[in-house]
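Every heavy atom of this structure was used, including side-chain atoms; hydrogens, water molecules and symmetry mates were not. These numbers were taken from a predicted model, which means no experiment stands behind them.
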Amino acid sequence: MYLSPVVIESLVEDPSKLKLGGERRQITAFFSDLAGFTSFSERMEPQELVTFLNVYLTEMTEIILSEGGTIDKYEGDAIIAMFGAPLRQDDHAYRACRAAVRCQNRLDELRPIWIKEGLPECRMRIGVNSGDAVVGNMGSTQRFDYTMMGDTVNLAARLEGTNKVYGTYNMCGQITHKLCGDKILMRELDSVRVKGKSQPVRVFEPLADLEEATAEHRAYKESWEQCLTLYRGQRFNEAHAALDAHLKKFRFDSAAKEFLDRCSAFEQFPPPSDWDGVYGMKTK
């Protein structure tokens, strides 16, 4: 219960692994966080809060583990996990995105139940990113953990927070999207430059496992991508009209509202001639 069963099995098979050190491995990092946790935690009694968090974390953890993920750690309401280590998984990106979609679906089921019980209306942001990272035992000679480090991991954490800009709850990077292929239905959200990084990254929103995607999922993706194409082509008047039409069908799409604001601004003050469509994040 204190350690990942997968890590324990690996150590039992090879006790020599019980030493400090790491290896470079392609993995997918998974970061989740509850939106508004600080505000609603202040309204709950400590024991009530702990009980609620344990139920929430159990539900989400079961999904992550069932998809083959390894829990790195919990930090309050945050879950940090990895796919592709310590066990190698060729489909680690797909597993991580499927876990993200399933976690959101399960939370959708639990939310009305919790609201009836007087508990907070919980929403969770998830950031997923794939690439090379250092995985292994890190810490001191007295105490260490099996964990992950590197730019891949840092970007996953940044993408979790980047959801706030778009009002989305799932976000992954371009390498994850490429590795998933067509197994997960995704829509491309934007090209962003996260704080502290010079190179932009294309970001996507995983919507559903392809085999479980509905006609509405597909219509949503198609409608959005028409808007994004017009926006990137600097046809801001047309993009504005397309976004208005999109929002009449999909009122819940906060990302469309964000782009509508951008179009309004660009209609008044066009971008410079060298505009590359990249959105620069001002906060983490």
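One N or O on the side chain of Ser66 and one on the backbone of Ile63 form a donor-acceptor pair closer than 3.5 Å. With hydrogens and angles disregarded, no donor-acceptor distance shorter than 3.5 Å links the side chain of Gln89 to the backbone of Phe83. At distances below 3.5 Å, at least one donor-acceptor pair connects side-chain atoms of Asn129 with backbone N or O atoms of Thr152. For Ser32 (side chain) and Ile126 (main-chain N/O), no donor-acceptor pair under 3.5 Å exists by modelled atom type. Judged by distance alone, with hydrogens and angles left aside, the side-chain atoms of Gln174 form a donor-acceptor pair with the main-chain N or O of Arg202 at under 3.5 Å. Between the side chain of Asn163 and the main chain of Glu160, a donor-acceptor pair closer than 3.5 Å is present. Although no hydrogens or angles enter the test, the distance criterion places a donor-acceptor pair under 3.5 Å between the side chain of Asn137 and the main chain of Lys19. In this structure, the side chain of Thr168 does not engage the main chain of Lys164 through any donor-acceptor pair within 3.5 Å. Checked by atom type and distance alone, the side chain of Ser223 never pairs as donor or acceptor with a backbone atom of Ala219 at under 3.5 Å.
Below 30°, between 30° and 60°, or above 60°: for Phe250 and His246 the angle between ring planes is between 30° and 60°, a tilted geometry. Ring planes of Tyr231 and Phe266: tilted class, angle from 30 to 60°. Ring orientation note: the planes of His177 and Phe204 are close to parallel, at an angle under 30° on the 30°/60° scale.
When hydrophobic residues (I, L, V, M, F, W, Y) are linked wherever their side-chain heavy atoms come within less than 4.5 Å, the members clustered with Ile175 are Leu179.
In this structure, Gln199 and Arg193 have side chains that are not in contact, with every pair of non-hydrogen atoms separated by 4.5 Å or more. When side chains are defined from C-beta on, Asp72 does not count as touching Phe31, because their heavy atoms never get closer than 4.5 Å. In this structure, the side chains of Arg232 and Ser191 come closer than 4.5 Å at one or more pairs of heavy atoms. Two residues are said to be in side-chain contact when any heavy atoms from C-beta on lie closer than 4.5 Å; Gln26 and His92 meet this criterion. Residues Ile80 and Tyr74 have side chains not in contact (no heavy-atom distance under 4.5 Å, counting atoms from C-beta outward). No side-chain heavy atom of Thr51 sits less than 4.5 Å from a side-chain heavy atom of Leu49. Taking the side chain as every heavy atom from C-beta outward, Cys103 and Met124 approach each other to under 4.5 Å. Put simply, the side chain of Cys263 reaches to within 4.5 Å of the side chain of Leu243, judged on heavy atoms.
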Does the pair Glu188 and Leu228 meet the rule for a side chain to side chain contact (heavy atoms under 4.5 Å, CB included), with working shown?
CA-CA 8 Å; Glu188 183 170 358; Leu228 187 62; 4.2 Å; yes

Apply the test side chain to side chain contact (heavy atoms under 4.5 Å, CB included) to residues Arg158 and Leu155: give CA-CA distance (whole Å), side-chain angles for both, the deciding distance (0.1 Å), then the verdict.
CA-CA 5 Å; Arg158 293 282 193 274; Leu155 183 54; 4.3 Å; yes

Can Val128 and Leu159 be said to form a side chain to side chain contact (heavy atoms under 4.5 Å, CB included), step by step?
CA-CA 7 Å; Val128 174; Leu159 295 184; over 6 Å; no

Check the pair Asp209, Lys183 against side chain to side chain contact (heavy atoms under 4.5 Å, CB included), reporting the backbone distance first and the verdict last.
CA-CA 6 Å; Asp209 188 293; Lys183 292 181 180 178; over 6 Å; no

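Rounding to the nearest 0.5 Å gives a distance of 8.0 Å between CG of Leu65 and OG1 of Thr70. For the atom pair CG of Asp91 and SG of Cys97, the computed distance is 11.0 Å after rounding to the nearest 0.5 Å. If you take CG on Asp244 and NE2 on His240, they are separated by 4.5 Å, rounding to the nearest 0.5 Å. In this structure, NZ on Lys257 lies 9.0 Å from CZ on Arg251, to the nearest 0.5 angstrom. Between the CG atom in Leu53 and the CG atom in Asp77 there is a gap of 6.5 Å [rounded to 0.5 Å]. In this structure, CZ in Arg95 is found 14.5 Å from CZ in Phe30, a value given to the nearest 0.5 Å.
For Glu121, the side chain to side chain donor-acceptor pair (under 3.5 Å) test picks out Arg123, with sequence neighbours left out. Shown here are the side chain to side chain donor-acceptor pair (under 3.5 Å) partners of Ser41, two or more places apart in sequence or in another chain: there are none. The side chain to side chain donor-acceptor pair (under 3.5 Å) test applied to Asp145 returns no partner, not counting sequence neighbours. By the salt bridge (charged side-chain N to carboxylate O under 4.0 Å, His left out) test, Arg25 pairs with Glu23, sequence neighbours left out. Taking the side chain to side chain donor-acceptor pair (under 3.5 Å) definition, one finds that Glu238 meets it with Arg235, sequence neighbours left out.
The number of heavy-atom neighbours closer than 6.0 Å to CG of Asp90, taken from other residues, nucleotides and ligands shown, is 12 or below. Residue-environment remark: CD (Glu212) exceeds the threshold of 12 foreign heavy atoms within 6.0 Å. Summarising the local packing, NZ of Lys178 is surrounded by 12 or fewer heavy atoms from other residues, nucleotides or ligands at distances under 6.0 Å. More than 12 non-hydrogen atoms from other residues, nucleotides or ligands lie less than 6.0 angstrom from CD of Glu117.
Aromatic ring centroids of Phe269 and Trp275 lie 6.0 Å or more apart. The aromatic ring centroids of Phe37 and Tyr56 lie 6.0 Å or more from each other.
Cluster annotation: Met44 is connected to Leu107 through the hydrophobic network of ILVMFWY side chains, with a link wherever side-chain heavy atoms come within less than 4.5 Å. Leu119 and Val55 fall within the same hydrophobic cluster, defined by Ile, Leu, Val, Met, Phe, Trp and Tyr side-chain heavy atoms under 4.5 Å apart, directly or through other members. No single ILVMFWY cluster, assembled from side-chain heavy atoms under 4.5 Å apart, contains both Tyr169 and Leu110. Both Trp224 and Val203 are part of a single hydrophobic cluster, where members link through side-chain heavy atoms under 4.5 Å apart. Linking Ile, Leu, Val, Met, Phe, Trp and Tyr whenever their side-chain heavy atoms come within less than 4.5 Å puts Leu189 and Phe259 in one cluster.
Thr176 approaches Ser130 most closely through the heavy-atom pair OG1-OG, 2.7 Å. Heavy-atom minimum distance, Leu207 versus His217: O-NE2, 4.0 Å. Taking both residues in full, the closest heavy atoms of Ile184 and Pro206 are given as CG2-CB, 4.0 Å, listed atom of the first, atom of the second, then distance. Residues Arg187 and Glu225 come closest through the heavy atom pair CA-OE2, 4.3 Å. Residues Asp108 and Pro112 approach most closely at O-CD, 3.1 Å, considering heavy atoms.
Ion pairing of Arg218 with Glu222 is absent here, as no side-chain N (NZ or NE/NH1/NH2) approaches a carboxylate O to less than 4.0 Å. Taking the charged nitrogens against the carboxylate oxygens, Arg98 and Glu67 do have a contact shorter than 4.0 Å, which makes a salt bridge.
Checked by atom type, the side-chain pair Arg125/Thr162 shows no donor-acceptor distance below 3.5 Å. When only modelled atom types and interatomic distance are considered, Asp190 and Tyr166 share a side-chain donor-acceptor pair under 3.5 Å.
Cation-pi contact between Arg262 and Tyr279: present, with separation from the ring centre below 6.0 Å and deviation from the ring axis of at most 45°.
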